[in-house]
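Everything on this sheet refers to the single structure shown next.
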Amino acid sequence: MTRQELSKAFEPAEAEKRIYDYWLKSNFFHALDESAKKPFSIVIPPPNVTGMLHMGHALNNTLQDIIIRYKRMQGYNALWMPGMDHAGIATQNVVEQELAKEGLTRHDLGREKFIARVWQWKEKYGGVIINQLKRLGCSCDWQRERFTMDEGLSQAVREVFVKLYDDGLIYQGDYIVNWCPRCHTAISDLEVEFLQEASCLWHIGYPYADGKGEIIVATTRPETMLGDTAVAVHPDDKRYKDKIGKFVILPLVNKKIPIIADEYVTMDFGSGAVKITPGSDPNDFAMAQRHNLEILNIMDGRGVINEKGGTYKGQERYEARKNIIVDLEKGKYLIKTEPYSHNVGKCYRCKTDIEPMVSKQWFVKIQPLAKQATKAVIEEKTKLVPKSWEATYFEWMNNIRDWCISRQLWWGHRIPVWYCDGCSEVIVAKTDPDKCPKCGDKSLKQDEDVLDTWFSSALWPFSTLGWPKKTKALQTFYPTSLLITGFDILFFWVARMIMMGLYVMKDVPFKDVYLHALVRDEKGEKMSKSSGNIIDPLVMIEKYGTDAFRFTLAAYTTQGRDVRMSPERIEGYKFFVNKIWNAAKLVMANLSDYDEESAAKAKDALPDKWIKSRLSLAIGAVNQNLEEYRFNEAAAAIYRFVWHEFCDWYLELIKPALYGKKTALRVAAQKTMHDVFKTVLQLLHPFMPFVSEELWQALT
RNA sequence: GGGCGGUUAACUCAGCGGGAGAGUGCUACCUUCACACGGUAGAAGUCGCUGGUUCAAUCCCAGCACCGCCUACCA
């Protein structure tokens with residue numbers, strides 16, 4: 001047995017690349033479609049194709065890698081399915097910005113050329129993150145890497161769309177949606193972020209049509225009055241009882257609108273009377289449907305007042321607001337203005353104020369799907385970890401609203417619906433039709449919209465395994481064993497995968513879901529470019545080595561609490577890597593004359609017995625904690641054992657025997673030291689794959 | 001408005017019915033043949049507040065306070 005001499009300290013930069021290449025070459029990460037081993041599978045939360053590795057990714061993928069390596073070592077046929085998401089709005093925005101530098105818009109190029117340009121961009125810059133994941137040591141089955149816009153996955157999208165449509169679970173209609181005037185598309189309820197803003201509450205007097213007095217309404221959005229079609233009061237409100245059914249004159253517009261009664265109105269807020277703008281407010285829209293009110297759209301897609309706004313036509317919405325306030329004052333309609341702070345909806349992508357607007361969109365009728373998905377979690381077919389998330393999940397599922405799936409973008413899965421020019425037939429098909437099945441007309445027009453990015457990611461657990469084809473991989477690995485993701489996409493993604501998995505595959509997509517927390521800075525602040533507190537994982541890897549970085553993440557991952565990250569903490573665990581390295585040096589320096597034959601006959605002395613019993617406790621703790629996804633506890637168990645038991649006590653205790661003559665004691669110590677240290681390396685491997693591999697190779 | 005989580009040593013956090021812990025930091029000593037990215041020893045906390053349950057509570061229950069997050073149609 002020859003053993004190489006170890007360098008003074010571990011050199012992560014050099015070793016990591018060499019070792020990762022070695023793993024790739026030995027096909028260590030590849031799982032077989034068919035195997036005698038028991039399957040274990042995880043699908044990666046696909047990072048955006050535009051993504052750059054940030055702390056959230058680092059945490060998410062480190063945890064997945066720990067589990068998948070752990071399972072692989074336990075003898076499972078362990079698959080970690082990698083891939084990326086096409087990220088509709090995000091990617092389109094990036095390429096549009098690139099075009100803007102050339103003074104172009106996507107409209108200058110036209111749809112086809114623009115999409116070609118996005119693909120070009122993807123080939124060139126997309127997927128940087130994949131290489132960054134490799135730096136993290138991720139042991140994904142890279143041969144299987146998928147992209148949500150792959151041919152196979154696009155086919156899956158169509159299959160599911162058509163199935164939903166045929167089952168009556170997809171419909172098209174004019175509804176009020178969240179419109180982003182900058183992205184120029186509808187977005188789903190989930191994609192709206194509410195921010196509290198200081199604004200005003202304007203009290204406006206609407207004169208009664210009979211000329212006797214006025215009714216006062218309060219609003220935070222005076223410009224929408226151009227689209228008012230009623231004023232509402234509570235049916236029990238004594239102040240207005242005799243006014244219900246009468247009319248008021250809408251100021252500036254000079255239109256007669258009715259006063260109606262609806263229980264939605266809160267009597268003790270403002271004046272107890274509300275202006276109703278069905279075209280610009282979801283609640284008012286609902287009320288309009290209850291009362292058959294006229295619905296007016298007063299703005300275009302850019303948020304500019306249209307011809308329905310009379311003299312305000314052509315004015316941007318906030319410019320119109322200013323002018324309307326001035327005009328109301330002039331006409332003595334403005335009763336008072338009070339400061340008021342309220343929530344304003346923002347586009348989660350570009351932070352532009354959302355404009356609720358009525359437009360024709362596609363929706364998924366979600367209740368039947370949600371019902372199944374709720375049941376699956378109640379019955380624990382899918383378990384959420386930590387369990388406390390179940391309450392949140394049920395709360396959302398029980399109050400879920402139909403999912404708006406159409407987006408007015410160009411980058412994404414185009415909706416598989418065609419309209420016939422000849423007979424106005426609507427064709428919904430898995431493959432592009434060349435003529436109308438009804439009248440034979442060949443002039444078909446495909447729907448202009450694309451699908452919400454989350455539609456394709458909802459299919460991810462089975463589409464990546466080959467569905468709709470009946471593949472062996474699908475048979476072996478579905479349902480997947482575990483999903484590890486951040487709680488922030490519980491609704492966006494996890495819930496929808498459960499719904500789609502049950503609907504399409506008749507089975508849950510994963511048995512366990514581990515929801516981890518957010519990574520914050522050392523003060524607990526969210527990391528963001530604007531606060532300048534971003535810690536770049538790649539810089540940390542460069543500085544402290546991947547192993548130390550990964551171990552830090554694991555050590556700070558407690559269930560139900562955010563991770564606070566700082567370079568000092570990573571440095572602390574870099575010391576741990578160094579400690580392990582030096583222990584290895586000591587171990588190996590004393591094994592030059594080690595021979596297994598005489599070692600086999602050696603009888604354990606007291607320290608040997610002691611450390612072995614401590615080791616078995618540590619192994620038990622690490623295993624149990626990993627099974628329960630207690631990453632911090634597993635890491636702590638290793639740390640304690642290696643440093644405070646193996647190094648502090650055992651290695652010190654056996655030094656006299658090691659440095660003595662070749663006695664029975666020395667042989668026993670050699671054997672124990674050797675065996676225990678090898679086991680330590682195995683325990684460490686999921687957390688610190690590089691240094692443990694390096695030492696393993698040196699030792700064996 | 002509803003829900004969830006947090007409040008433990010200077011800092012960051014574990015623990016969660018019977019002993020109050022870790023890392024960093026701090027103090028003193030030690031360059032002894034794995035490691036100063038180290039070793040040994042040590043100081044440091046009425047475990048948010050008020051009640052209750054219990055032989056026993058940091059841990060369970062109730063209420064309160066202050067932070068955070070999620071969710072919601074009070075214009």
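Residue numbers start from 1 in every chain, and the chains themselves are labelled A, B, ... in the order their sequence lines are given, proteins ahead of strands. When reading the values below, keep in mind they use all heavy atoms of this one structure, side chains included, and skip hydrogens, waters and symmetry mates. Bear in mind that the values here come from a model prediction, so they are computed numbers and not experimental data.
The aromatic rings of A:W581 and A:F10 are tilted relative to each other, their planes meeting at an angle between 30° and 60°.
Pairs of Watson-Crick or G-U wobble type, with distances under 3.5 Å, assemble into runs of 3 or more in RNA chain B at these ranges: B:1-7 with B:65-71, B:10-13 with B:21-24, B:26-30 with B:38-42, B:48-52 with B:60-64.
Rounded to whole Å, the separation between the C1' atoms of B:U58 and B:C13 comes to 15 Å. Of the C1' atoms belonging to B:G48 and B:C55, the separation is 27 Å, rounded to the nearest Å. Rounded to the nearest Å, the gap between the P atom of B:G19 and that of B:G5 is 27 Å. For the P atoms, the distance linking B:G23 with B:C66 amounts to 36 Å, nearest Å. Comparing the C1' positions of B:A43 and B:C49 gives a spacing of 28 Å, expressed to the nearest Å. For the P atoms, the distance from B:G21 to B:C47 is 14 Å, rounded to whole Å. Between B:G45 and B:U12, the two C1' atoms lie 15 Å apart (nearest whole Å).
Scanning for ring-ring contact (aromatic ring centres under 6.0 Å, His included) contacts around A:Y240 gives an empty result, with sequence neighbours left out. Applying the ring-ring contact (aromatic ring centres under 6.0 Å, His included) rule to A:Y393 yields no partners; only residues at least two apart in sequence or on another chain are considered.
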Per-pair distances, 0.1 Å, donor-acceptor, side chain in residues 639-647 of chain A, under 3.5 Å, sequence neighbours excluded:
from, atom 1, to, atom 2, distance (Å)
A:H644, ND1, A:D648, OD2, 3.0
A:E645, OE2, A:R614, NE, 3.0
A:E645, OE2, A:R614, NH2, 2.9

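Residue A:K543 qualifies as open at atom NZ: its count of foreign heavy atoms under 6.0 Å is 12 or below.
The interatomic distance linking A:W389 (CH2) with B:G5 (P) rounds to 10 Å, in whole Å.
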Collect all protein-nucleotide pairs involving nucleotides 71-75 of chain B in which both atoms are nitrogen or oxygen and the distance is under 3.5 Å.
from, atom 1, to, atom 2, distance (Å)
B:A72, N6, A:N343, ND2, 3.1
B:C73, O4', A:N283, OD1, 2.7
B:C73, O4', A:N283, ND2, 3.1
B:C73, O2', A:N283, ND2, 3.4
B:C73, N1, A:N283, OD1, 3.2
B:C74, O2, A:T266, OG1, 2.7
B:A75, OP2, A:Y340, OH, 2.4
B:A75, O2', A:A218, O, 3.2
B:A75, N6, A:T266, O, 2.9
B:A75, N6, A:F269, O, 2.8
B:A75, N1, A:T266, N, 3.2

message = Please encode protein proximity along nucleotides 21-40 of chain B as a string of B, S and -, counting only heavy-atom distances under 4.0 Å.
response = --S----------BB-BSS-

